Novice: 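The structure is given below, and queries will be raised subsequently.
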2 protein chains.
Amino acid sequence: MNGKGTTARTRLERGRGALGPALELVHTGRAPTRAVLTAELGVTRATAGAVAAELEALGLIRVDSRPGAGAGSQGRPSHRLSIDDKGPVALAAQVHADGFRAALVGLGGRIVATAPVRSTVTADPAQVLGEVVEAGAGLLRTTGLRCVGAGLAVPSAVAEPEGTALNPLHLAWPAGAPVREIFAERVRAAGIEGPAFTGNDVNLAALAEHRHGAGRGAQHLLCVATGHRGVGGALVLDGRLHTGSAGLALEVGHLTVNPEGRPCYCGSKGCLDVEADPLAFLTAAGRAPGPEVSLLQQARDLLRTEHADPAVRRATEELIDRLGLGLAGLVNILNPDRIILGGLHRELLDADPERLRAVVADRSLWGRSGGVPILPCTLDHNSLVGAAEVAWQPVLDDPLGALAP
Amino acid sequence: MNGKGTTARTRLERGRGALGPALELVHTGRAPTRAVLTAELGVTRATAGAVAAELEALGLIRVDSRPGAGAGSQGRPSHRLSIDDKGPVALAAQVHADGFRAALVGLGGRIVATAPVRSTVTADPAQVLGEVVEAGAGLLRTTGLRCVGAGLAVPSAVAEPEGTALNPLHLAWPAGAPVREIFAERVRAAGIEGPAFTGNDVNLAALAEHRHGAGRGAQHLLCVATGHRGVGGALVLDGRLHTGSAGLALEVGHLTVNPEGRPCYCGSKGCLDVEADPLAFLTAAGRAPGPEVSLLQQARDLLRTEHADPAVRRATEELIDRLGLGLAGLVNILNPDRIILGGLHRELLDADPERLRAVVADRSLWGRSGGVPILPCTLDHNSLVGAAEVAWQPVLDDPLGALAP
DNA sequence: GTTACTTTGTGCCGCACCTAAACAAAGTAG
DNA sequence: CTACTTTGTTTAGGTGCGGCACAAAGTAAC
């Protein structure tokens with residue numbers, strides 16, 4: 001008998017210190033039962049039980065008395081810990097060149113509801129963000145779920161601590177637009193409680209992949225992706241996003257990957273930004289980019305459907321070599337224990353994983369660091385989930401403090 | 001009346017959690033009095049007093065009842081906290097191309113005693129490390145001080161967690177030599193208690209500069225230096241050395257800084273390693289390196305004494321430009337809030353700080369991150385102090401646990 | 001010199017959080 | 001059915017810290 005009501009009530013004031021770590025373990029799927037939770041936290045069973053009861057009382061998780069696929073077949077079966085699907089959610093928003101989208105994301109990175117994508121991104125950030133927040137507010141109204149906060153992913157470097165978008169170029173937004181401020185104001189205006197965060201989309205995608213995707217368990221996770229124009233990077237260190245002292249870290253686009261390469265707008269030449277993005281791929285394959293769909297879509301289609309074409313094959317190999325050189329440079333500096341690729345880079349990895357791994361290993365200084373696993377990202381909408389992740393962070397750090405008052 | 005003896009005794013079992021942070025504050029000179037300690041720790045005066053009493057009982061610090069240059073002139077003067085100069089020390093050792101040296105280093109990075117430098121580095125690491133440890137053991141015998149542990153700085157990347165030196169090239173040691181194991185064995189054999197650590201010299205120098213030198217207070221500190229051949233880098237994040245997942249991070253020598261540059265042994269060309277080290281400087285100035293003194297010494301002499309020579313001037317500017325390009329690349333990836341230069345790079349900075357800062361700012365993506373302060377290192381024997389720092393680390397993390405048993 | 005004020009140091013109580021240990025519960029293995 | 005293994009709960013207790021009142025040690029004003 002797991003006396004739910006009363007037991008949880010009497011323990012409500014206990015377990016503050018271990019509460020955050022415990023929730024994070026359940027959140028990332030590393031604590032399926034209380035027994036595992038006990039081991040992972042390094043506490044006694046009594047403490048783990050109290051903590052789980054408290055998280056249940058907060059409406060965040062559920063303790064099922066049913067099966068619980070425990071460890072060995074012997075001994076008393078453990079109760080299963082799961083995320084309460086009636087629990088609170090975070091409002092996640094994403095803006096990119098093709099449009100914007102809003103979603104509600106619960107613990108565990110589960111997308112609870114999504115608003116249809118709109119493809120009208122105007123030059124006015126306040127209008128776009130107002131619409132996307134309104135879409136999210138609509139989702140909250142129809143589902144009736146509690147909201148812990150809001151997160152926004154933008155395809156631009158975001159300066160800290162101001163929260164301004166430094167290069168939202170392919171959104172046609174003004175450089176330096178105070179996106180965090182605008183977003184926070186719209187969130188407040190929509191009557192949504194909780195704090196509002198804003199971050200670079202690749203950074204947030206990396207965070208999501210680290211917690212719920214291909215990056216699980218990595219201590220030093222490097223993420224590189226290309227979507228529309230340019231190349232983005234992100235680093236997750238010990239579970240935390242490393243954004244540098246001013247939010248400008250991992251601007252990897254200007255590593256030199258081709259000394260004889262084409263000139264870059266930064267003043268150098270042969271930069272990763274202009275040598276390994278969708279436009280570079282289309283150009284290398286001798287195709288003129290069309291205006292209908294996004295560059296990423298065009299490049300992806302070309303790579304998938306015409307990979308037998310010699311020109312496409314050559315372009316693929318060339319981009320893999322350039323990307324590999326860039327990754328090797330990053331490996332020498334950051335020495336990650338895992339690399340995850342997104343966007344077109346993910347397609348390049350799928351097209352010829354051996355070639356890419358060989359280039360990285362060959363141009364890394366030590367065989368060991370060059371042998372770092374390179375994986376495709378595995379999470380749908382990882383930027384969106386990452387945006388929710390930062391909104392969830394205060395709750396993960398201190399559940400009682402963030403939810404009680 | 002500050003009842004020293006009895007008060008400390010009655011409080012000996014208190015203050016475990018805040019003990020480490022408190023010691024670190026005194027160690028880095030950020031807590032001159034108990035009042036400041038109270039504020040910095042964010043605890044009550046009662047706790048700060050108990051913690052200070054306990055650290056005093058451990059023989060690490062002293063609470064002087066004398067003046068104490070407190071904050072305002074009003075109110076009761078605060079007692080001064082200082083490091084007990086009869087307290088324990090760490091054994092620090094350094095091996096480099098010109099010889100080796102041993103020292104005893106107390107809290108606060110104070111070098112208590114040094115053994116004379118020997119300049120016979122043979123090809124056998126066991127012999128060299130045996131001699132250097134013996135020199136340190138002699139210092140311990142003559143001073144009679146307690147030893148908390150030992151640290152060794154080597155001019156090579158050190159692989160984690162094995163502790164092997166991957167490229168101790170200019171020591172003529174075999175690549176992959178198990179230096180940490182050898183050092184630890186010699187330390188044990190010499191009857192020195194405490195753990196033994198080994199690290200890359202630039203990494204350790206960065207750590208020392210962060211705690212006691214030009215890097216104080218920086219949250220994201222980048223350190224770049226060149227001594228003999230090649231260029232080394234280090235990153236201190238939130239007070240901790242970032243060595244990557246296998247100890248191989250910050251191998252900055254193979255950033256491309258000159259697309260038309262000379263070939264590098266790594267297979268690329270124009271790498272920082274071959275474009276911005278002492279040999280590159282001598283070559284650029286049209287001088288043939290001699291075998292008498294170290295390359296660093298020759299380059300330094302040339303830069304200082306013949307800076308009026310047009311060839312030397314051109315070489316200086318060329319190296320500053322190359323170095324600046326490399327630093328800009330690192331700034332784009334790491335976004336540090338301070339950069340410290342050592343070895344010949346420090347001399348280059350002194351020679352023309354404006355030029356270097358301009359290159360870095362110009363080639364960094366955002367003006368903000370390019371405006372990062374670039375400073376010369378300020379600590380004598382920073383690698384040595386850094387070696388002691390890692391030996392002190394267990395005590396700084398948990399003074400009671402590290403010293404009591 | 002006395003008084004008022006400011007700031008620092010200390011003793012005492014209590015609370016929050018956890019551990020330890022004993023016991024109860026729920027399964028498997030024979 | 002009994003022995004064994006593992007999980008969950010209860011109770012008691014201990015550690016580290018905050019809160020608070022008070023004492024101590026200086027300066028400022030008169």
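Keep in mind that what you see is a predicted model, and the values were worked out from it rather than measured. Chain A is the first sequence line, chain B the second, and so forth, proteins listed ahead of strands; every chain is numbered from 1. Reckoned from all heavy atoms, side chains included, excluding hydrogens, waters and symmetry mates.
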Novice: Is there a donor N/O on one and an acceptor N/O on the other, under 3.5 Å, for the side chain of B/Arg76 and the base of C/dT8?
Specialist: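 A donor-acceptor contact between them is present.
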
Novice: Using the side chain to side chain contact (heavy atoms under 4.5 Å, CB included) definition, which of the options B/Val89, B/Asp380, B/Leu104, B/Val105 pairs with B/Ile111?
Specialist: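 Only one option passes, and that is B/Val105.
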
Novice: Of the nucleotides D/dC17, C/dT19, C/dA26, which one has an atom closest to the side chain of B/Ala18?
Specialist: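 Of the options given, the side chain of B/Ala18 lies nearest D/dC17.
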
Novice: Any non-hydrogen side-chain atom of B/His212 less than 4.5 Å from a side-chain atom of B/Glu389?
Specialist: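 Yes, their side chains come closer than 4.5 Å.
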
Novice: Angle class for the A/His27/A/Trp392 ring planes (parallel below 30°, perpendicular above 60°, tilted otherwise)?
Specialist: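 Taking A/Trp392 first and then A/His27, their aromatic rings sit tilted (interplane angle of 30° to 60°).
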
Novice: Send over the distance from A/Leu400 CG to C/dC15 C1', rounded to a whole Å.
Specialist: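 These atoms are roughly 15 Å apart.
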
Novice: Given D/dG18, is OP1 or OP2 found less than 4.0 Å from the side-chain N or O atoms of B/Thr47?
Specialist: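 Checking D/dG18 against B/Thr47, a side-chain N or O does come within under 4.0 Å of OP1 or OP2.
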
Novice: Any side-chain heavy-atom pair from A/Ile83 and A/Leu60 closer than 4.5 angstrom?
Specialist: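 Sidechains of A/Leu60 and A/Ile83: no contact.
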
Novice: Is A/Arg34 close enough to D/dT6 that one of its side-chain N or O atoms is under 4.0 Å from OP1 or OP2 there?
Specialist: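 So the side-chain polar atoms of A/Arg34 never come under 4.0 Å of the phosphate oxygens OP1 or OP2 of D/dT6.
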
Novice: Take atom NE2 of A/His79 and atom C1' of D/dT9, then tell me their distance rounded to the nearest Å.
Specialist: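 Whole-Å distance recorded here is 11 Å.
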
Novice: Which whole-number value in Å describes the distance from B/Leu37 CG to C/dT7 C1'?
Specialist: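 So the CG-C1' distance, B/Leu37 to C/dT7, works out to 16 Å.
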
Novice: Quick one: B/Arg45 CZ to C/dG9 P, roughly how many Å, whole number?
Specialist: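 So the two atoms are 8 Å apart, to the nearest Å.
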
Novice: So, is B/Ser78 close to the C/dT7 phosphate, meaning a side-chain N or O under 4.0 Å from OP1 or OP2?
Specialist: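 Negative; the distance criterion is not met.
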
Novice: Measure CD/A/Gln74 against P/D/dT7 and give the value in whole Å, please.
Specialist: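 Those two atoms, CD and P, are 11 Å apart.
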
